[in-house]
Amino acid sequence: MISRLKGTDDILPPDSRRWRALFRAFYRLSELYGYDLALLPVIEATELFSRGVGEATEVVEKQMYTFEDRGGRSVTLRPELTAGMVRAFVEAGALGTMKLAAEGPMFRYEQPQKGRRRQFYQVDFEYLGEASPDADVEVIELSHRFLEEVGVEGITLKVNSIGDSADRLAYRLILQEFLRSREADLSPEARRRIDSNPLRVLDSKADVEAVADAPVPIDHLGEAARAHFGAVCAGLDAVGIPYEVEGRLVRGLDYYNRTVFELFSSSFEAAQSALGGGGRYDPLAGLIGSKKEVPAVGVALGCDRIVEAMPDPGGRRLDLFVAVVDADRRDEARRWLGQLRSAGLRVEWDPVPGRSLRGQFKSADRSGAGAVAIVGDEWSEGEVTVKRFGTGEGERLQIEEVASWLLGR
RNA sequence: GUGACCGUAGCUCAGGCGGUUAGAGCGCCAGGUUGUGGCCCUGGAGGUCGGGGGUUCAAGUCCCCUCGGUCACCCCA
């Protein structure tokens, strides 16, 4: 028997009930906030990520599913969504702003553990072409709202600003000098990063003590970035979303500037506790070769982890199960099923003709239906016998009355 | 990439110091009961004991390798 690949999952009931609730909330909120749907390729040119996400990042260095296709091109299964979203926006020749929502699988080649799979799912909101800090606030508010909406408990938000490119260049030198002065206390990995990616050292768990008093980007912001961050914080205050400013929050991808943020839930003690994160990424379009500048801000939320923190949506999966006593009446019953479904009722029946009524009741009970309707002799008088599970005896109803009887309470 | 623990039926697990035909509960199917589900009773299907190699008269049990799972490191969603 051939089985699943390592780090991949089959998401089936009952777990998939929570996934369905999650995607419902995603589609509902996208519409409420005016984010249109984007469906993008799962496979992209490798360069999109090596240039966009950054050559020296963990993701690009060792986590990508990269291979040569039959035409000899180097292609990669997307490890994240943002680079593709910007690519699509620029490639469409889009002018002005565009608000896009996307969802789907991402791929990273890693050792699986709790909250970390090789194929995982994200929902994603991107506010493209907008430089205003109000876009940052909206994206953060929407992320927070989404987590609340699906029932995640104990949400916390951390925000930071890593400044503009020029700010970071200057800050980078200051940080590198600090790190060299502490080189003896740093982990080997951190030492390697002093030159390649010094900011990453700030949130390395192995080096928390060594960098406790390190200079942080937020104290070295330029005028524009400082004003921008002030406006973002003021906006969050105005909508009443609590947050912490975390100076050592830097995120793992190279394309960010100014605002960065991450969302957590208190229901996770474990290592993989970030449910989502994002930020502003004005430089990204340039990194992937766009002549046009695209200021933008976005967020990605990890569905697998969110689902872990979600309560079961509960409720029944069916409204009615139709039991047919006499197989001769199945075609009439079949038409009736169609009518009930058109009325918005969730209805099933037994796929095998001629099973005993007792057998059909057993199926009905297991199907999760709230009630049964018996199509029997009374059908010829335009009636069926209906019965709710868990309560008393059945009653006879006119066929037309059944829908309102079900919806009645 | 590193480390720890774990792989026996669909699921949860039992199998004493290596010994005869590998078991239980739940679930599933059928029947008891062809106009009434749950409870009960009877019967049934379902196993390369993760895979490969080795030791042995004999391996689910001991040894080695490998694959997979879980968790942690690392990193991130």
Side-chain angles (χ1 to χ4, degrees), chain A residues 1-9 12 53 57-63 78-82 103-124 143 147 187-190 192-193 197 200-201 203-207 249-253 262-265 268-278 299-309 321 323-327 350 352-379 384-396:
Chain A
M1 168 63 191
I2 298 165
S3 46
R4 237 173 317 130
L5 253 29
K6 181 170 181 162
T8 64
D9 259 326
L12 300 171
V53 172
T57 59
E58 197 79 12
V59 171
V60 172
E61 267 182 353
K62 43 188 188 189
Q63 298 179 346
R78 65 181 180 198
E80 62 111 49
L81 220 28
T82 307
E103 47 96 345
M106 314 294 147
F107 303 85
R108 292 185 198 175
Y109 192 90
E110 296 184 271
Q111 282 309 322
Q113 70 182 75
K114 190 176 181 61
R116 192 172 78 186
R117 327 255 66 197
R118 289 180 174 181
Q119 175 172 336
F120 60 101
Y121 295 81
Q122 290 185 337
V123 297
D124 187 270
S143 313
L147 293 180
S187 64
E189 187 62 15
R192 195 176 68 79
R193 288 206 179 105
N197 203 346
R200 300 290 314 139
V201 180
D203 67 357
S204 154
K205 279 181 208 155
D207 300 286
L249 175 61
V250 295
R251 305 201 36 85
L253 315 178
E262 286 182 2
L263 290 148
F264 302 85
S265 165
F268 288 97
E269 296 299 323
Q272 317 299 329
S273 60
L275 297 187
V299 62
L301 295 136
C303 303
D304 310 64
R305 291 177 190 178
I306 293 169
V307 160
E308 290 285 313
F321 192 98
V324 184
V325 178
D326 184 347
D350 199 311
V352 183
R355 288 186 62 205
S356 69
L357 192 59
R358 172 189 156 80
Q360 294 187 63
F361 260 76
K362 279 189 179 181
S363 303
D365 194 32
R366 285 168 194 158
S367 74
V372 191
I374 300 167
V375 173
D377 294 335
E378 60 272 55
W379 183 263
V384 291
T385 301
V386 293
K387 180 181 175 178
R388 281 200 174 85
F389 277 122
T391 61
E393 276 310 295
E395 52 181 310
R396 280 175 65 151

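None of the values given here were measured: they were computed from a predicted structure.
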If we take the [atom1] atom in both [N] and [M], what is their distance in whole Å?
{"N": "B:G23", "M": "B:G68", "atom1": "P", "result": "32 Å"}
{"N": "B:C41", "M": "B:G25", "atom1": "P", "result": "11 Å"}
{"N": "B:G38", "M": "B:G27", "atom1": "C1'", "result": "15 Å"}
{"N": "B:G35", "M": "B:A22", "atom1": "C1'", "result": "45 Å"}
{"N": "B:G47", "M": "B:A9", "atom1": "C1'", "result": "6 Å"}
{"N": "B:G51", "M": "B:U8", "atom1": "C1'", "result": "14 Å"}
{"N": "B:C65", "M": "B:C28", "atom1": "C1'", "result": "38 Å"}
{"N": "B:G53", "M": "B:G69", "atom1": "C1'", "result": "23 Å"}

If you check the [X] side chain, which of [options] turns out closest?
{"X": "A:Lys387", "options": "B:U70, B:G37, B:A77", "result": "B:G37"}
{"X": "A:Val325", "options": "B:A77, B:G69, B:G35", "result": "B:G35"}
{"X": "A:Gln111", "options": "B:A30, B:U2, B:C71", "result": "B:U2"}
{"X": "A:Arg116", "options": "B:C75, B:G68, B:G32", "result": "B:C75"}

| Just to confirm, is there a sub-4.0 Å distance from OP1 or OP2 of B:C74 to any side-chain nitrogen or oxygen of A:Arg108? | no

Indicate, yes or no, whether a donor-acceptor pair under 3.5 Å links the base of [N] to the side chain of [X].
{"X": "A:Ser356", "N": "B:G35", "answer": "no"}
{"X": "A:Glu308", "N": "B:A77", "answer": "no"}
{"X": "A:Arg358", "N": "B:U33", "answer": "yes"}
{"X": "A:Gln113", "N": "B:C74", "answer": "yes"}

| request: Could you tell me whether the side-chain ring of A:Phe389 sits stacked on the base of B:G38, using a centroid cut-off under 5.5 Å and a plane angle under 30°? | output: no

| request: Sorted by first residue and then second, give each salt bridge (charged side-chain N to carboxylate O under 4.0 Å, His left out) pair with at least one member in residues 362-377 of chain A; sequence neighbours left out. | output: A:Arg329-A:Asp377

Please report, rounded to the nearest Å, how far the [atom2] atom of [N] is from the [atom1] atom of [X].
{"X": "A:Leu357", "N": "B:G32", "atom1": "CG", "atom2": "P", "answer": "14 Å"}
{"X": "A:Arg396", "N": "B:U36", "atom1": "CZ", "atom2": "P", "answer": "15 Å"}
{"X": "A:Leu249", "N": "B:C75", "atom1": "CG", "atom2": "C1'", "answer": "14 Å"}
{"X": "A:Lys6", "N": "B:G7", "atom1": "NZ", "atom2": "P", "answer": "18 Å"}
{"X": "A:Arg305", "N": "B:A77", "atom1": "CZ", "atom2": "P", "answer": "8 Å"}
{"X": "A:Arg355", "N": "B:U33", "atom1": "CZ", "atom2": "P", "answer": "17 Å"}
{"X": "A:Asp9", "N": "B:G69", "atom1": "CG", "atom2": "P", "answer": "9 Å"}
{"X": "A:Trp379", "N": "B:G35", "atom1": "CH2", "atom2": "P", "answer": "18 Å"}

Restricting to side chain to side chain contact (heavy atoms under 4.5 Å, CB included), what partner residues turn up for [X], sequence neighbours left out?
{"X": "A:Lys62", "answer": "A:Glu58"}
{"X": "A:Ser187", "answer": "A:Glu189, A:Ala190, A:Ala206, A:Asp207"}
{"X": "A:Glu378", "answer": "A:Glu383, A:Thr385, A:Arg396"}
{"X": "A:Val325", "answer": "A:Leu357, A:Ile374"}

| field | Electrostatic pair A:Asp304-A:Arg117, nearest N-O below 4.0 angstrom | value |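 The answer is no: the pair does not qualify as a salt bridge.
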
| query | Under the side chain to side chain donor-acceptor pair (under 3.5 Å) test, which residues partner A:Glu308, sequence neighbours left out? | reply |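 A:Glu308: no side chain to side chain donor-acceptor pair (under 3.5 Å) contacts found.
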
| Has A:Arg118 got its NZ or CZ under 6.0 Å from the middle of the six-membered ring of A:Phe107, at an angle within 45 degrees of the ring axis? |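 Judged by the rule, A:Arg118 and A:Phe107 form no cation-pi pair.
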
| message | Please list, in numerical order, the residues of residues 360-371 of chain A that have a heavy atom closer than 4.0 Å to any atom of RNA chain B. | response |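 RNA chain B contact set from residues 360-371 of chain A: A:Phe361, A:Lys362, A:Asp365, A:Arg366.
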
| said: Is the shortest side-chain heavy-atom distance between A:Leu263 and A:Leu301 below 4.5 Å? | reply: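 A side-chain contact under 4.5 Å exists here.
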
So what does [X] hit on the nucleic acid, given a heavy-atom distance under 4.0 Å: a base, only sugar-phosphate, or nothing?
{"X": "A:Arg193", "result": "sugar-phosphate"}
{"X": "A:Glu378", "result": "base"}
{"X": "A:Glu110", "result": "base"}
{"X": "A:Ile374", "result": "base"}
{"X": "A:Gly376", "result": "base"}
{"X": "A:Gly278", "result": "nothing"}

| request: Ignoring hydrogens and angles, state whether a donor on the side chain of A:Ser363 or A:Arg355 is under 3.5 Å from an acceptor on the partner side chain. | output: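 Yes - a donor-acceptor pair under 3.5 Å links their side chains.
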
| With sequence neighbours excluded, what pairs up with A:Glu80 under the salt bridge (Lys or Arg N to Asp or Glu O under 4.0 Å) test? |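 Counting only residues at least two positions away or on another chain, A:Glu80 forms no salt bridge (Lys or Arg N to Asp or Glu O under 4.0 Å).
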
| request: Determine which bases of RNA chain B form Watson-Crick or G-U wobble pairs with both distances under 3.5 Å, and write the result as a 5' to 3' dot-bracket string with | for other-strand partners. | output: (((((((..((((.....[...)))).(((((.......))))).....(((((..]....))))))))))))....

| task | Nearest-nucleotide wise, let me know which of A:Asp377 and A:Tyr121 is further upstream toward the 5' end of RNA chain B. | result |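 Looking at the nearest nucleotide for each, A:Asp377 comes out on the 5' side.
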
| query | Starting at the 5' end of RNA chain B and moving along, which residue's nearest nucleotide shows up first, A:Gln122 or A:Arg4? | reply |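 Its nearest nucleotide lies further toward 5', so the answer is A:Arg4.
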
| task | Look up atom CZ in A:Phe120 and atom CZ in A:Arg305, then write down how far apart they are to the nearest 0.5 Å. | result |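 It is 8.5 Å, given to the nearest 0.5 Å.
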
| message | Give me syn or anti for B:G16, where syn covers glycosidic angles within 90 degrees of 0. | response |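 Base orientation relative to the sugar is syn.
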
